[in-house]
Amino acid sequence: MNIAIIGSGYVGLVTGACFAHLGNQVVCVDNQQSKIEKLRSGVMPIYEPGLDVLVKTNVAEGRLSFSSDIEDATRESEVVFICVGTPPKPNGEADLSAFEHVAASMAPAMRDGRYRLIVEKSTVPVRTGEWLTGLFRSHLPESASFDIASNPEFLREGSAIKDFLSTDRVVLGVNSDRAAGVLVKLYAPLNAPILMTDLNSAELIKHASNAFLAMKISFINAVAQVCERTGADISKVAKGVGLDKRIGEEFLKAGVGYGGACFPKDVSAFIAIAAQHGYDFELLKAVENINHQQRHHLADKVFAALGHDLAGKTIGVLGLAFKPNTDDMRGAPSAEIIPMFQELDATVRVYDPVAHETAKAVLDNVHYCQNPYEVAEGADCLVVLTEWAEFNSLNWPYMKTLLKRPLVVDGRNLFDPHKMRTLGFEYYSIGRPKARPSEAVTVTD
Ligand code: UDX
């Protein structure tokens, strides 16, 4: 099929490259000319494992191209996926102005009378499809032939290609057999379960899914608080809870709370959507609050050890991106927690395997280091904020010789508390028992 993808961010690029990989003819469109130039010369504007190879292969084989012309791309395509951003407004509602712009730019090409299927891929509030239909109708003559469909994405950054090609399910919100037929044919090569719904339900599935996952994370973080007060161990509690198939083991890792481009935005958008329709979604407000508290909870562990005057103290931070295998700093816990240290006059040294460039737009006055050992040099405390795999093989005895004080506050529960204490570290993590006095080996300067 001839497909246009409007918006070449994470979702658009991955979707476009994957549809091309499945044998379709795809043009990815973006209004940033510089991004299009980069893509044409094989430079990825984002870090996503495997994406560069997938893009290069499909460009070389003539199935994938890039353009900044929405009208042209629409004219040549039978299916148009809208993948533009829907950022939150100050009140939490989604800002749909990019959608409006796209609709207005597509309209001239749709006057040729050919049928086109326009698919919302971005996360949008329920009833956006109805609104979009009206918007297109207002731009087009009666004779224009089109359907609007909703096909939410469930891609995780860092594993987006795998998530696309081996998805748990494809959700298709459609209002005609013709639209259903086009999308079923398009997704047939994935052999994935397809759930066909009306437009409103498909739109709601996306917000409900992300809100539920965020709720699981806040739930386990709340349980971690109870663990800390009772001596229970959150990793064991989560295991025991997650083994119940009705609950499932995933998204039960306690830590510094969720971040990223989706969960924070989607939870607050869902609260706003519910309010607009007369429902006070108190449960999700609690999810947000708990997530916010987790950032402070980690910082409080540092303050408990170092005090509230951090002038002359150095804090080393391992991991900046909101999660491993991405350079994305959107909603990253590091962007909230590091300023808490800086406000108390701490010097902050940081290391992330890939996120230094993106972090520079978000963090001021931090010292970027080449590796974790450089971060540790002379630091009074080491804080772990992202669970990058390479942190699992750190040489801790060597680390200890570099640190001024062997104090580690682990926001991702990466290390074995007993081993860390045996090595002579003051080690604090989330929801796991503190060392019993007899077990603790605390070294202070
Ligand atoms: C998420 C959804 O998973 C995806 O389906 C959706 O379409 C986009 O949003 P993503 O933001 O890439 O994907 O990241 P994800 O892997 O879901 O993690 C989100 C956040 O939750 C991260 O900050 C992560 O550190 C945190 N998290 C995740 C936890 O704190 N604990 C967990 O157990 C799982």
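Scope of the values below: all heavy atoms of this structure, side chains included, with no hydrogens, waters or symmetry mates. Not measured: the values here are computed from a predicted model.
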| What do the steps show when you test Arg63 against His21 for side chain to side chain contact (heavy atoms under 4.5 Å, CB included), and what is the final call? | CA-CA 8 Å; Arg63 287 185 300 270; His21 172 75; 5.8 Å; no
Could you tell me the separation between the [atom1] atom of [X] and the [atom2] atom of [Y], rounded to the nearest 0.5 Å?
| X | Y | atom1 | atom2 | result |
| --- | --- | --- | --- | --- |
| Leu385 | Glu336 | CG | CD | 11.0 Å |
| Leu64 | Leu54 | CG | CG | 8.5 Å |
| Asn325 | Glu387 | CG | CD | 9.0 Å |
| Cys18 | Glu153 | SG | CD | 12.0 Å |
| Ile6 | Ile70 | CD1 | CD1 | 5.0 Å |
| Cys262 | Asp328 | SG | CG | 9.0 Å |

More than 12 heavy atoms of other residues, nucleotides or ligands under 6.0 Å from [atom1] of [X]: yes or no?
| X | atom1 | value |
| --- | --- | --- |
| Lys185 | NZ | no |
| Lys253 | NZ | no |
| Asp177 | CG | no |
| Glu250 | CD | no |
| Asn365 | CG | no |
| His292 | NE2 | no |

| task | Test side-chain hydrogen bond (donor to acceptor under 3.5 Å, both in side chains) on Arg40 and Ser67 and set out the steps. | result | CA-CA 9 Å; Arg40 283 182 178 148; Ser67 165; 5.1 Å; no
Under 3.5 Å, is there a donor on one side chain and an acceptor on the other for [X] and [Y]?
| X | Y | answer |
| --- | --- | --- |
| Asp198 | Ser201 | yes |
| Asn221 | Gln293 | no |
| Thr326 | Arg156 | no |
| Ser150 | Glu203 | no |
| Ser77 | Asn2 | no |

How close do [X] and [Y] get, counting heavy atoms only, and between which atoms?
| X | Y | result |
| --- | --- | --- |
| Ser176 | Asp147 | OG-OD2, 2.6 Å |
| Leu423 | Pro397 | CD2-CG, 4.1 Å |
| Val55 | Ala17 | CG2-CB, 4.1 Å |
| Leu190 | Leu165 | CD2-O, 3.6 Å |

Below 4.5 Å, heavy atoms only, C-beta onward: do [X] and [Y] meet side chain to side chain?
| X | Y | result |
| --- | --- | --- |
| Leu51 | Ile46 | yes |
| Ile194 | Leu172 | yes |
| Val375 | Val317 | no |
| Ile430 | Gln294 | yes |

I want to know whether [X] and [Y] have ring centres closer than 6.0 Å.
| X | Y | answer |
| --- | --- | --- |
| Phe212 | Phe251 | no |
| Phe322 | Tyr258 | no |
| Tyr279 | Phe270 | no |

| task | Tell me, with the steps shown, if Val79 and Arg116 meet side chain to side chain contact (heavy atoms under 4.5 Å, CB included). | result | CA-CA 6 Å; Val79 189; Arg116 284 183 186 79; over 6 Å; no
Treating [X] as the side-chain partner and [Y] as the backbone partner, does any N or O pair qualify as donor plus acceptor under 3.5 Å?
| X | Y | value |
| --- | --- | --- |
| Arg75 | Met106 | no |
| Arg349 | Cys369 | no |
| Thr347 | Thr314 | no |
| Asn291 | Val287 | no |
| Tyr10 | Glu48 | no |
| Ser122 | Val84 | yes |
| Thr86 | Thr123 | yes |
| Lys301 | Asp410 | no |
| Thr167 | Phe164 | no |
| Arg295 | Gly257 | yes |

| field | side-chain hydrogen bond (donor to acceptor under 3.5 Å, both in side chains) between Gln342 and Asp364, intermediate numbers included | value | CA-CA 9 Å; Gln342 290 173 322; Asp364 289 325; over 6 Å; no
Pairing of [X] and [Y] as salt bridge, 4.0 angstrom limit:
| X | Y | result |
| --- | --- | --- |
| Lys239 | Glu249 | yes |
| Asp233 | Arg432 | no |
| Glu288 | Lys285 | no |
| Lys89 | Asp95 | no |

Would you call the rings of [X] and [Y] parallel, tilted or perpendicular, where under 30° means parallel and over 60° means perpendicular?
| X | Y | result |
| --- | --- | --- |
| His356 | Tyr351 | perpendicular |
| Tyr373 | Tyr398 | tilted |
| Phe146 | Phe136 | tilted |

| query | Does the pair Leu135 and Phe99 meet the rule for a side chain to side chain contact (heavy atoms under 4.5 Å, CB included), with working shown? | reply | CA-CA 10 Å; Leu135 195 63; Phe99 260 70; 5.7 Å; no
| request: Check the pair Glu142 / Arg137 against salt bridge (Lys or Arg N to Asp or Glu O under 4.0 Å), numbers first and verdict last. | output: CA-CA 7 Å; Glu142 270 296 302; Arg137 286 263 166 255; 5.4 Å; no
| Going through the checks in order, is the side chain to side chain contact (heavy atoms under 4.5 Å, CB included) test met by Lys206 and Val124? | CA-CA 8 Å; Lys206 173 63 198 237; Val124 291; over 6 Å; no
| request: For side-chain hydrogen bond (donor to acceptor under 3.5 Å, both in side chains), just list the numbers for Ser105 and Glu71, CA-CA rounded to whole Å, side-chain angles, deciding distance to a tenth of an Å, and then say yes or no. | output: CA-CA 6 Å; Ser105 309; Glu71 192 181 325; over 6 Å; no
| query | Would Tyr368 and Asp352 satisfy side-chain hydrogen bond (donor to acceptor under 3.5 Å, both in side chains), going step by step from the backbone distance to the final call? | reply | CA-CA 9 Å; Tyr368 292 91; Asp352 188 285; over 6 Å; no
